[in-house]
Amino acid sequence: MSKRYSMTRYLIGATAARTGDEMSGPALLLVGLSVTGSASAASALLSGITVSAAVGGPVFGAMLDRAARPGRLLAGALAVYCVALLVILLSLGRLPLPVVLATAVCGGLLGPALAGGWTAQLPRVAAPESLPRANALDALTFNTASLAGPALAGAVAMTAGPAAGVVVSLALIALALPAAWTLPRRAEAVRAKPSKPSTSVVADLASGFAAIGRTRPLARATLTSVISYVGVGMLVTCTPLLGERALGTSGSGTFLLAALAAASLLANALLARCPDLLRPDATILGSALALAAALLLAATLSPVALFAAMAVAGAGAGPQLTALFAVRHREAPDQLRGQIFTTGASLKITGFAIGAGIGGPIATWSLSGSLLVAAGFEVLAALGFVLLTVGPVRHPDAPTSHADHARIRP
């Protein structure tokens, strides 16, 4: 752990990168809708930049775990992501849509770098005794980004046009480059000259997935959060249409997301002050149920009910993220920490992408219907959690991978 790298620098960098990321999704959705005039095309653009995370996340995480200077690898990923956003913006409306979507898919490979890539470095920044509070503060950067990102996207779109929102989002990501570049080196790289890894990337990938699949709390938290994010992706895709229905303009739909993020921020601020209140595993289940209730309320399409639904959704989604981080920090082997965080992030992003991809076409047919389907995914997420809780426990003498031997016990 570096004595010169402060938690404040980490939080500033993570907040800038994540705010840019949270802003880029709604900004791309709005610019896609503006240029193409099609909700389906706009949702395809958002889905494109998120769906490839399932591939990029595990590979990027394995590379982080093998890198002597993971911060420099993270900075490079942020820079390439910025370039991808710029290329999408410049080519939209000038090149065929499939070409633009292909660019989005390529850029999305690095999407997990803006989420799990940062969080995996947290134990090198915070002392072990302060990790619970640092974990809650880290989750707060997500909530702050979720609050500021959509609000900025809507405000910039209404004042300077949808394209300006994409420019601002990539500028925010670029601001995080110095903080990423200077992240602490791996401890073993400080003590000695790093040697060539003894295992291949493929073997590391297999170990990482095995650690998630064989460790019940990790498997349960991962499955629940991924299915839950399908519903969240559908909700986000519906927000321009919800904004138009409830507030008069599609751009104002981003303020619904800001209301959700504000509730998340308040909930996680409480957890940052009182980290002992968090019961990670139970919180993950409760959050899925809260999101299901919120989506059912939003399906009424009443303006007052919509904002109430966003408040309920935020109160559930915010603690879910903090709880998810707590489970991963508690269960992940140190040598696979980066991969587990980025793999988990990539799977969640992929769940979001699936929701975004199906949410637009269903919302075109029925806005309420899309929200009801999203609520169904949240119920399915809760059922998945319960099934993995009551299922058979692996016998302690069963064969284990080296990841299981190294797993950190709660």
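By convention here, the first residue in the shown sequence is residue 1.
Residues Leu172 and Leu175 are in side-chain contact: their nearest non-hydrogen atoms beyond the backbone lie under 4.5 Å apart. Under the 4.5 Å side-chain criterion, counting only non-hydrogen atoms from C-beta, Arg94 is not in contact with Val100. Side-chain contact between Arg124 and Pro70 is present, with heavy atoms from C-beta onward closer than 4.5 Å. For the pair Leu260 and Ser264, the minimum side-chain heavy-atom distance is below 4.5 Å. Contact check for Ser24 versus Leu170: no side-chain heavy atoms found under the 4.5 Å cut-off. The shortest distance between side-chain heavy atoms of Trp118 and Tyr10 falls below 4.5 Å. Considering only heavy atoms from C-beta on, Tyr81 comes within 4.5 Å of Ile49 through its side chain. Side-chain contact check for Leu295 versus Glu378: some heavy-atom pair is nearer than 4.5 Å.
Leu46 and Ala356 make their closest contact through CD2-CB, 4.1 Å (heavy atoms, listed as atom of the first residue, atom of the second, distance). Minimum interatomic distance between Ser228 and Ala381 (heavy atoms only, all atoms of both residues): N-CB, 3.7 Å. Closest of all the heavy-atom pairs between Leu297 and Ala309 is CD2-N, 3.6 Å. The shortest non-hydrogen separation linking Gly93 to Val35 is CA-CG1, 3.8 Å. The two residues Thr103 and Ala84 come nearest to each other via the heavy atoms CG2-O, 4.3 Å. Pairing each heavy atom of Gly165 with each of Met23, the nearest pair is O-CE, 3.3 Å.
With respect to Arg18 and Asp138, a salt bridge is recorded, a charged nitrogen being found less than 4.0 Å from a carboxylate O.
Distance check, rounded to the nearest 0.5 Å: CG of Asp281 to CZ of Arg216 gives 11.5 Å. Atom CG of Leu122 and atom CZ of Arg328 lie 13.0 Å apart (nearest 0.5 Å). Rounded to the nearest 0.5 Å, atoms CG (Leu235) and CE (Met310) are 4.5 Å apart. The CG atom of Leu371 lies 10.5 Å from the OG1 atom of Thr237; values are rounded to the nearest 0.5 Å. The distance from the CG atom of Leu285 to the CZ atom of Arg279 is 15.5 Å, given to the nearest 0.5 Å. The distance from the OG1 atom of Thr36 to the CG atom of Leu92 is 7.0 Å, given to the nearest 0.5 Å.
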- Query: side-chain contact (heavy atoms from CB on, under 4.5 Å) between Val166 and Ile88: does it pass, once the steps are laid out?
  - Reply: CA-CA 9 Å; Val166 179; Ile88 292 170; over 6 Å; no
- Item | Criterion side-chain contact (heavy atoms from CB on, under 4.5 Å) on Leu223 and Leu387, from CA distance to verdict | CA-CA 11 Å; Leu223 177 66; Leu387 289 175; over 6 Å; no
- Message: Walk me through whether Ser225 and Ile284 qualify under side-chain contact (heavy atoms from CB on, under 4.5 Å).
- Response: CA-CA 8 Å; Ser225 64; Ile284 291 173; 5.8 Å; no
- Is there a side-chain contact (heavy atoms from CB on, under 4.5 Å) between Leu183 and Val125 once you walk through the steps? CA-CA 8 Å; Leu183 277 164; Val125 177; 4.2 Å; yes
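For CZ of Arg133, the number of neighbouring non-hydrogen atoms (other residues, nucleotides, ligands) closer than 6.0 Å is 12 at most. The number of heavy atoms from other shown groups lying within 6.0 Å of CZ (Phe352) is above 12.
Side chain of Ser6 to main chain of Arg9: a donor-acceptor pair is present (N/O by atom type, distance under 3.5 Å, no hydrogens or angles). No side-chain donor-acceptor contact under 3.5 Å links Ser370 to the backbone of Leu367.
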